[in-house]
J.: 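Below you will find the structure I want to go over with you.
Nothing here was measured: the structure is a model prediction, and the numbers come from that model. FYI, the numbering just counts along the sequence from 1.
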Amino acid sequence: MPDGVQDATGSPAEWARHSPYSDPGRHAAVLAALGTDPADVQAAATGLIAHYRAEADTLDADRLPTVDLRWLDAILTAGFALSPAPLAGRPATARLAGCCRDHTLLGVGLLREHGIPARSRVGFARYFTPGFAHDHVVVERWDGRRWVRADPELDAAFGAAPPAGEPFDPFDLPTGLDAPFATAAELWLAHRRDGLDLGAYGVARELPELCGPDFVRGNVLLELAHRRRDELLLWDVWGAELHEAPEDVAVLADEVADLLVRADAGDDGAETELGRRYDADPRLHPGRRIRTLSPLGRDGWTDLTTRVTSWDV
């Protein structure tokens, strides 16, 4: 393990181990042979996975269902079924449908395969569309001194002249509420405590039902799940969001967001409490069955043990 990493719960080493989602399975050697620099991660992630919305014109109907693949070993298996080519630089016909969560899962899995602590961070990006922040997931790695965020979808050229906002380094993202990428927890607390308007935070302006405070609130609980190494799909629903009244979920999100922000600031007690609460509270962690609301317009129940989704008829 890298220097400065201690093998103890709550230390960076906790995120050097694969989760069931990031484990590449029989494809471990493929990831072990790749470089670990942010540019290497970006090349592999974007080489294999085309964004199902931003790059829809490159995807045919047969490949669109791969957007619902949840586990990295299944994603890699599907990719190599299309082509045995290396991950980076694939032709359009050899790429799967996915989104930022999948680009990040591949990056996290690659880094963990090399023993580098890595986790996915859920939040909103302000650099794609002027005046709007899209829900987004980025990679966070431990460099031996600090956690460093990188966007696995972007290269340096994008950061030098983004469509929105000031130039930034996509391989070392600034952090904080006003940064190009802010976490769901930061935004939720700013909304609840200071009245931040969340109307322009969501999937896209043309999908108002997937924008605003309720949407950001759900992403706070998703942010916690990803931090605890349950890297669920962005359209998976479970626990409180599935069974509790919105006002009760909002109070729960307040508590979770506060702990997440404190943990990011280096509060070890908050990090420990996040782990304890996540494990103990069925409102926070997924059980065996979760609801999956696919962007392809199909809904179903997913069994996380058998890894099978039963789509509604």
J.: So for atom CD, which belongs to E166, do other residues, nucleotides or ligands contribute more than 12 heavy atoms lying within a distance under 6.0 Å?
T.: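 No - once you tally the heavy atoms of other residues, nucleotides and ligands closer than 6.0 Å, there are 12 at most.
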J.: Give a yes or no on whether the ring-centroid distance for Y127 and F168 is below 6.0 angstrom.
T.: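 Here the rings of F168 and Y127 have centres that are less than 6.0 Å from each other.
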J.: For the pair E271 and R262, find out whether any cationic side-chain nitrogen is under 4.0 Å from an anionic carboxylate oxygen.
T.: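 The answer is no: the pair does not qualify as a salt bridge.
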J.: Flag the pair R149 and D169 as a salt bridge only when some basic side-chain nitrogen lies within less than 4.0 angstrom of an acidic carboxylate oxygen.
T.: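 D169 and R149: not salt-bridged.
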J.: Can we say R101 and E223 salt-bridge, meaning some charged N sits less than 4.0 Å from an Asp/Glu carboxylate O?
T.: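 A salt bridge is absent here (no side-chain N lies under 4.0 Å from a carboxylate O).
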J.: Does R119 count as lying over the ring of W147, i.e. NZ or CZ under 6.0 Å from the six-ring centre, within 45 degrees of the axis?
T.: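 Geometry flag: set, cation within 6.0 Å and 45°.
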J.: Looking at E14 and R229, is any side-chain nitrogen of the basic one under 4.0 Å from a carboxylate oxygen of the acidic one?
T.: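 Result for this pair is no, no salt bridge flagged.
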J.: Hey, is the main chain of L296 close enough, under 3.5 Å, to the side chain of S294 for a donor-acceptor pair?
T.: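 It does hold such a pair.
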J.: Do R283 and D281 meet the salt-bridge criterion of a basic N to acidic O distance under 4.0 Å?
T.: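 Result for this pair is yes, salt bridge flagged.
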J.: Do the charged groups of D254 and R192 touch, with an N to O distance under 4.0 Å?
T.: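 Looking at R192 together with D254, the answer is yes, because their closest N to O distance falls below 4.0 Å.
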J.: So does D303 pair up with R288, basic N to acidic O under 4.0 Å?
T.: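 Salt bridge: yes.
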J.: For a quick check under 3.5 Å, do T292 and T309 share a side-chain donor-acceptor pair by atom type?
T.: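 No donor-acceptor contact under 3.5 Å links the two side chains.
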J.: Can you classify the ring geometry of H103 versus H51 as parallel (below 30°), tilted (30 to 60°) or perpendicular (above 60°)?
T.: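 If you compare the ring of H103 with that of H51, the planes turn out parallel.
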J.: Between Y278 and D230, do the side chains contain a donor N or O and an acceptor N or O under 3.5 Å apart?
T.: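 Their side chains do contain a donor-acceptor pair, which is all the 3.5 Å distance test asks for.
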J.: For E186, is there an ion pair with R121 - N to carboxylate O distance below 4.0 angstrom?
T.: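 A salt bridge is absent here (no side-chain N lies under 4.0 Å from a carboxylate O).
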J.: Under 3.5 Å, is there a donor on one side chain and an acceptor on the other for S19 and E231?
T.: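 Yes, E231 and S19 have a side-chain donor paired with an acceptor closer than 3.5 Å.
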J.: Apply side-chain hydrogen bond (donor to acceptor under 3.5 Å, both in side chains) to D57 and list each qualifying residue two or more places apart in sequence or on a separate chain.
T.: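 Not a single residue meets the side-chain hydrogen bond (donor to acceptor under 3.5 Å, both in side chains) criterion with D57.
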J.: I'd like to know if R126 pairs up with D178 as an ion pair, taking the criterion as any Lys NZ or Arg NE/NH1/NH2 lying under 4.0 Å from an Asp or Glu carboxylate oxygen.
T.: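 Answer for the salt bridge query: no.
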J.: If the threshold is 4.0 Å, N to carboxylate O, is there a salt bridge linking R146 and D172?
T.: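 Counted as a salt bridge, because a side-chain N and a carboxylate O are separated by less than 4.0 Å.
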J.: Between L293 and R291, does a side chain to side chain contact (heavy atoms under 4.5 Å, CB included) hold up when you go through it step by step?
T.: CA-CA 7 Å; L293 310 176; R291 191 73 170 150; 3.7 Å; yes
J.: Is R70 paired with D23 through a side-chain N to carboxylate O contact shorter than 4.0 Å?
T.: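 Salt bridge: no.
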J.: Answer with yes or no whether the side chains of T36 and H114 bring together a donor and an acceptor at under 3.5 Å.
T.: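 Note: H114 and T36 side chains miss the donor-acceptor criterion.
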J.: Sequence neighbours excluded, which residues qualify as side-chain hydrogen bond (donor to acceptor under 3.5 Å, both in side chains) partners of R95?
T.: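 R95 satisfies side-chain hydrogen bond (donor to acceptor under 3.5 Å, both in side chains) with E55 only.
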J.: Would you check, one step at a time, whether the test side chain to side chain contact (heavy atoms under 4.5 Å, CB included) holds for D102 with T66?
T.: CA-CA 10 Å; D102 308 302; T66 58; over 6 Å; no
J.: Between atom CG of L48 and atom CD1 of I75, what is the distance when rounded to the nearest 0.5 Å?
T.: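 With rounding to 0.5 Å, CG (L48) is 7.5 Å from CD1 (I75).
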J.: Please tell me whether F124 and H134 form a close aromatic pair, meaning their ring centres lie under 6.0 Å apart.
T.: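 So the answer is no for these two rings.
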